[in-house]
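These notes are about the structure you will find just below.
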Amino acid sequence: METITKQSPQGCNNICPTPPPLPGPAMNCRRKGSATKGNSCASTATRDLWDNLFDRGYRADVTIRTNDGGIIYAHAAVLGMASPVLRGMLKQAKGVGHKRLISIHGVQHDAVRVFIRFLYSSCYEQEEMKELVLPLLVLSHAFVVPQLKRICEQQLENSLLTLDNVVDVFQLSLLCDAPRLVLLTHRLILRNIKAVSATEGWIAMKRSHPALEKEILESMIYEEQMEKERIRKLNERKIYLQLYEAMEALVHICRDGCRTIGPCDKDLKDDQKPCTYEACKGIELLVRHFAGCKLRVPGGCIHCKRMWQLLELHSRLCADSGSCRVPLCRNFKDKIKKQFKKDEMKWKVLAKKILSTKRIGGEPYFLSSKSISSY
């Protein structure tokens with residue numbers, strides 16, 4: 001490449017100009033101010049200089065052929081420094097005289113022109129990016145220009161991704177090794193599967209890549225199953241927390257007393273402070289019913305049956321039945337020794353899940369460390 005500079009003692013001899021720095025952060029050419037990186041500062045005038053070098057093709061030594069017979073003139077030093085792939089193509093390129101000829105096909109001429117211009121000044125027009133973001137993503141990946149590739153991904157993520165192009169972007173993201181974009185587009189497809197499946201992109205994918213469509217539908221089924229499982233576990237955890245709170249309220253009533261119900265040796269007053277146990281009121285009503293019900297035997301009354309289950313569950317969580325104030329605690333401890341292995345396993349699993357659910361908030365106050373570790 002020939003150039004004439006005032007600093008060059010050899011005048012117009014073959015001297016290559018200093019190549020431009022690698023493209024930095026995304027910048028619009030019309031943006032005023034400067035971009036600073038380290039100790040260097042690229043001003044607007046500098047970027048305009050590189051843009052003019054490309055636009056005017058001053059002493060260009062590379063001819064780029066594009067679709068529909070389009071021609072773009074460029075400089076080998078700039079292309080070779082900006083892209084290792086273009087550097088390899090230039091080494092193998094043939095030409096006439098000092099000019100070398102390479103071809104870039106597969107995308108429209110305007111996309112190639114915007115791509116080559118970016119290699120000079122790291123600039124782009126927002127309208128061009130909006131229109132050509134997909135072919136620019138392909139070019140930046142194919143010619144290993146990571147700066148432009150990141151810009152295309154960011155533009156799609158921030159504003160250019162729509163339901164109409166999400167399927168195309170999803171497929172290109174898979175081909176261009178853009179995992180974050182793959183994840184974003186995949187989630188958008190699953191959230192709007194009904195609308196997306198009616199777009200031209202989905203129909204084209206279904207025709208050309210039926211296996212990919214099958215994978216998306218299978219992943220949708222998997223996501224639905226995972227969501228159902230998540231809801232099931234949340235509901236299950238809620239039940240375990242409620243059971244734990246019921247155990248706390250039961251111990252509280254039988255040991256300390258609450259409002260108008262409690263052990264016979266406690267002096268209960270109507271003007272006591274409000275109870276801090278949320279489940280206390282429900283347990284109080286259940287205890288009162290249990291004390292006066294004529295069908296107290298298990299199975300005779302649904303409310304009494306529930307009370308029997310709470311008492312048995314308490315006995316399995318209780319650390320010291322000898323000093324426990326909850327009725328029938330020791331009796332259930334003796335019953336456990338005679339229980340069938342299958343029933344024993346069910347109760348043990350239930351007690352373990354209750355403890356593991358509540359243990360996040362601290363050790364249960366009515367259990368010792370030794371009794372917790374035994375589960």
Gap separating the CD1 atom of I104 from the CZ atom of F143, nearest 0.5 angstrom: 4.0 Å
For salt bridge (Lys or Arg N to Asp or Glu O under 4.0 Å), just list the numbers for E224 and K228, CA-CA rounded to whole Å, side-chain angles, deciding distance to a tenth of an Å, and then say yes or no. CA-CA 6 Å; E224 291 177 351; K228 291 180 180 178; 5.7 Å; no
Are V112 and V85 grouped together when hydrophobic residues (ILVMFWY) are joined by side-chain heavy atoms under 4.5 angstrom apart? yes
List in chain and number order the residues that pass salt bridge (Lys or Arg N to Asp or Glu O under 4.0 Å) with E236, two or more places apart in sequence or in another chain; answer none if no residue qualifies. R232
Would you compute the distance between atom CZ of R207 and atom CD of E213 and round it to the nearest 0.5 angstrom? 11.5 Å
Please check if any side-chain donor atom of E248 sits under 3.5 Å from a side-chain acceptor atom of Y244, or the reverse. yes
Output, in order, the C-alpha distance, side-chain angles, deciding distance and verdict of side-chain contact (heavy atoms from CB on, under 4.5 Å) for C301 and H289. CA-CA 10 Å; C301 171; H289 170 84; 3.2 Å; yes
Is there a side-chain contact between R237 and L241 (heavy atoms, below 4.5 Å)? yes
Distance col, row L286:CG vs R306:CZ, nearest 0.5 angstrom, shows 6.0 Å
With side-chain contact (heavy atoms from CB on, under 4.5 Å) as the criterion, how do V133 and N165 come out once you've worked through the C-alpha distance, each side chain's angles and the decisive distance to 0.1 Å? CA-CA 11 Å; V133 61; N165 66 10; 5.9 Å; no
Note: V107 and N67 closest approach over all heavy atoms is O-ND2, 3.1 Å
Check the hydrophobic clustering (I, L, V, M, F, W, Y; side-chain heavy atoms under 4.5 Å; chains of links allowed) and say if L184 and M220 are grouped together. no
Any side-chain heavy atom of Q171 within less than 4.5 Å of one from H209? yes
What's the shortest heavy-atom distance between L311 and P327, and which atoms? CD2-O, 3.7 Å
Is there a donor-acceptor pair under 3.5 Å between the side chain of S83 and the backbone N or O of L79? no
Side chain proximity check, Y124 to Q155, heavy atoms < 4.5 angstrom: yes
For the pair R117 and E125, find out whether any cationic side-chain nitrogen is under 4.0 Å from an anionic carboxylate oxygen. yes
Look only at the side chain of D110 and the backbone of E128, and say whether a donor-acceptor pair between them is shorter than 3.5 Å. no
Transitive ILVMFWY side-chain link M307 to L285, under 4.5 Å: no
Mind running side-chain contact (heavy atoms from CB on, under 4.5 Å) on L86 and M89 for me, showing each step along the way? CA-CA 5 Å; L86 287 173; M89 293 175 63; 4.1 Å; yes
Within-4.5 Å side-chain heavy-atom neighbours: I151 and F118: yes
Using modelled atom types and a 3.5 Å cut-off, is there a donor and acceptor pairing between side-chain atoms of H109 and backbone atoms of I72? no
With the side chain counted from C-beta on, respond yes when W347 and Q309 share a heavy-atom pair under 4.5 Å apart, and no when they do not. yes
If you look at every heavy atom in C329 and S315, which pair is closest and at what distance? O-CB, 3.7 Å
Quick check for you: to the nearest 0.5 Å, what is the distance between S140 atom OG and K149 atom NZ? 6.5 Å
With sequence neighbours left out, write down each residue that passes ring pair (Phe, Tyr, Trp, His ring centres under 6.0 Å) with Y73, or none if nothing qualifies. none
Tightest non-hydrogen contact, residues L175 and H141, listed as O-NE2, 3.5 Å
Scanning both residues in full, the closest heavy-atom pair of C176 with V138 reads SG-CA, 4.1 Å
With heavy-atom distances below 4.5 Å as the criterion, would you say the side chains of K346 and L350 are in contact? no
Let's go through D164 and E200 carefully: what are the C-alpha distance in whole Å and the side-chain angles of both, what is the deciding distance for side-chain contact (heavy atoms from CB on, under 4.5 Å) to 0.1 Å, and is it a yes or a no? CA-CA 8 Å; D164 291 328; E200 295 181 2; over 6 Å; no
Where do D168 and L134 come nearest, in terms of heavy atoms and distance? CB-CD1, 4.3 Å
To the nearest 0.5 Å, what is the distance between CD1 (I193) and CD1 (I216)? 6.5 Å
For atom CG of N235, is the number of surrounding heavy atoms from other residues, nucleotides or ligands below 6.0 Å larger than 12? yes
Classify the angle between the aromatic ring planes of H186 and F170 as parallel (below 30°), tilted (30 to 60°) or perpendicular (above 60°). tilted
Measuring only between side-chain heavy atoms, which start at C-beta, is E215 closer than 4.5 Å to S219? no
Linked, directly or transitively: L156 and L183 (ILVMFWY side chains, under 4.5 Å): no
Could you state the interatomic distance from CG (L190) to CG (L217), rounded to the nearest 0.5 Å? 9.5 Å
Stepwise salt bridge (Lys or Arg N to Asp or Glu O under 4.0 Å) test for E127 and K130: CA-CA 5 Å; E127 289 300 320; K130 184 177 180 180; 5.3 Å; no
Should I203 and V169 be counted in the same cluster of Ile, Leu, Val, Met, Phe, Trp and Tyr side chains packed under 4.5 Å apart? no
D61 side-chain N/O to A76 backbone N/O, donor-acceptor pair under 3.5 Å: yes
Does the plane of the ring in F54 sit parallel, tilted or perpendicular to the ring in Y120? Use 30° and 60° as the thresholds. tilted
Using side-chain heavy atoms (C-beta onward) and a distance below 4.5 Å, is W202 in contact with I189? yes
How about CZ on R65, more than 12 heavy atoms from neighbouring residues, nucleotides or ligands closer than 6.0 Å, or not? no
